[in-house]
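Have a look at the structure below, then the notes.
Counting convention: from 1, in listed order, for ligands and their atoms alike. When reading the values below, keep in mind they use all heavy atoms of this one structure, side chains included, and skip hydrogens, waters and symmetry mates.
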Amino acid sequence: MRDNEDLEINETKSSVEIRKIGIVGAGQMGSGIAQVCAQGEYAVCLADISQEVLDKAISGIRGRLDRLLEKERLTTEQVEAAMSNIATSTEYEAFGECDLVIEAATENESVKIAIFEKLIPFLRDDAILATNTSSISITRLAATTDRPERFMGIHFMNPVPIMKLVELIRGIATGDETFSAIENVVAQLGKISITSEDFPAFIVNRILVPMMNEAIFALHEGVGGVADIDAAMKLGANQPMGPLELADFVGLDTCLAIMNVLYDGFGDSKYRACPLLVKYVEAGWLGRKSGRGFYDYSGEKPVPTR
Ligand code: CAA
């Protein structure tokens, strides 16, 4: 077994220097990635098709940095410097100056492929394209682009500013220079990278999402209610959030998408999504982001719904 120190990645030599990072998608993950990149002193271009989503992302980043200022973890100068590192755009032209573009759109293969198709004409030939996919084959996504050797997976965890880990995934064609350039970026962000082979859902979600799905089966079968299942795993297994609370936090649509990638990728019935998870997604009950999932978020405190 390797200890934590072994997991620390030292800066690796790479002739590719990343200065400007583009991020496609300003939702929960994209805005977190933009924040940590800006704090890591990269110039950031954050793009989304919706100006409203961009405005919300910027005010969320400002709010989080201001809280760090209040706690005296950052100085006013550091907050202002980070904010001034971020530009936003609803157009992809802005990515023409980027050394690295990270796609952080919804966990849907055809949406990601459509984004690459639209984005690639604006990219420099030597730019690296990475995806924050949490489950989809990097090799298959890379093959839809013009640059499989400069394409790879860089999977951040939610909430991005807090979670230490970034999973790095090579596609079959990913070049060594691309990989080490991304390792260096992760190190500059103050995060720890691990490498996963390109199998469905990589390492974290291969283990974590079936655990959440199992908790939903336990709820579905009446083994316990929402509060008991979450308390069981928080107090009995020292998890910081119960599995149902975590599923709501990640987004039930994302959990379902990942279970489907596991099921399709391995053809093994142990990965079938719980029918209750499917029903919640069909109802539009997607967790925190839609105001209702296994908890109701409309009041001051989340209330279990079952
Ligand atoms: N963004 C930024 N910072 C946040 C945050 C957010 N969304 N939520 C909480 N924080 C910060 C707080 O400001 C606080 O900071 P300080 O310690 O500096 O004061 C710190 O996190 C702790 O917050 P709280 O005391 O309010 O709450 P907590 O102790 O319950 O911690 C948590 C919150 C860190 C999110 C913790 O509950 C946790 O670790 N949960 C599990 C998260 C997890 O498993 N993430 C992985 C999800 S899977 C994934 O991301 C992969 C995928 O592809 C689906």
Side-chain angles (χ1 to χ4, degrees), residues 25-39 56-74 78-79 82 102-109 112 130-136 138 153-169 189-194 196 199-213 215-216 230-231 233-235 237-262 273 277 281 286-289 293-295 297 300-302:
Q28 191 167 241
M29 297 305 288
S31 69
I33 297 168
Q35 177 185 332
V36 295
C37 291
Q39 287 181 260
K56 197 172 150 210
I58 292 297
S59 71
I61 294 170
R62 164 64 75 181
R64 290 195 292 271
L65 292 177
D66 282 346
R67 269 207 308 281
L68 293 172
L69 177 64
E70 271 166 37
K71 290 178 192 161
E72 297 182 357
R73 302 231 182 101
L74 291 181
Q78 285 170 321
V79 170
I102 303 173
E103 170 276 315
T106 184
E107 190 63 356
N108 176 313
E109 189 161 342
K112 290 183 188 296
T131 172
N132 182 52
T133 179
S134 46
S135 61
I136 302 168
I138 301 302
I154 176 169
H155 180 215
F156 290 83
M157 306 296 134
N158 189 13
V160 178
I162 301 291
M163 305 299 281
K164 275 278 177 209
L165 185 79
V166 179
E167 274 182 311
L168 299 183
I169 311 102
L189 301 183
K191 304 225 178 257
I192 293 166
S193 54
I194 53 113
S196 168
F199 285 102
F202 319 128
I203 294 176
V204 172
N205 285 337
R206 165 89 175 258
I207 299 167
L208 190 65
V209 180
M211 186 276 293
M212 294 191 264
N213 190 53
I216 302 167
D230 276 350
M233 296 308 286
K234 278 204 287 201
L235 305 178
N238 253 2
Q239 294 189 351
M241 283 177 172
L244 300 172
E245 185 189 0
L246 184 60
D248 274 1
F249 180 66
V250 166
L252 301 187
D253 51 344
T254 302
C255 292
L256 177 59
I258 295 170
M259 286 310 298
N260 287 338
V261 166
L262 282 164
L277 172 61
V281 173
L286 306 181
R288 271 202 205 177
K289 64 184 167 191
F294 295 109
Y295 292 82
Y297 298 92
E300 222 165 78
K301 275 191 164 177

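No more than 12 heavy atoms of other residues, nucleotides or ligands lie within 6.0 Å of CZ in F199, so this atom counts as exposed by the packing criterion. For K56, the NZ atom is loosely surrounded, since the number of other residues' heavy atoms within 6.0 Å does not exceed 12.
With hydrogens and angles ignored, the 3.5 Å screen pairs no side-chain donor or acceptor of E109 with any backbone N or O of I136. Checked by atom type and distance alone, the side chain of N158 never pairs as donor or acceptor with a backbone atom of V250 at under 3.5 Å.
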Could you list, one pair per line, each nitrogen or oxygen of ligand 1 together with any protein nitrogen or oxygen closer than 3.5 Å, giving atom names and the distance rounded to 0.1 Å?
from: ligand 1; atom 1: 15 (O); to: K71; atom 2: NZ; distance (Å): 3.4
from: ligand 1; atom 1: 18 (O); to: K71; atom 2: NZ; distance (Å): 3.3
from: ligand 1; atom 1: 18 (O); to: R73; atom 2: NH1; distance (Å): 2.3
from: ligand 1; atom 1: 18 (O); to: R73; atom 2: NH2; distance (Å): 3.0
from: ligand 1; atom 1: 19 (O); to: K71; atom 2: NZ; distance (Å): 2.6
from: ligand 1; atom 1: 45 (N); to: N158; atom 2: O; distance (Å): 2.7
from: ligand 1; atom 1: 50 (O); to: N158; atom 2: N; distance (Å): 2.8
from: ligand 1; atom 1: 53 (O); to: H155; atom 2: NE2; distance (Å): 2.8
from: ligand 1; atom 1: 53 (O); to: N205; atom 2: ND2; distance (Å): 2.9

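The CD atom of Q39 lies 5.0 Å from the CG atom of L65; values are rounded to the nearest 0.5 Å.
In this view, D230 and Y295 satisfy the side chain to side chain donor-acceptor pair (under 3.5 Å) rule, not counting sequence neighbours.
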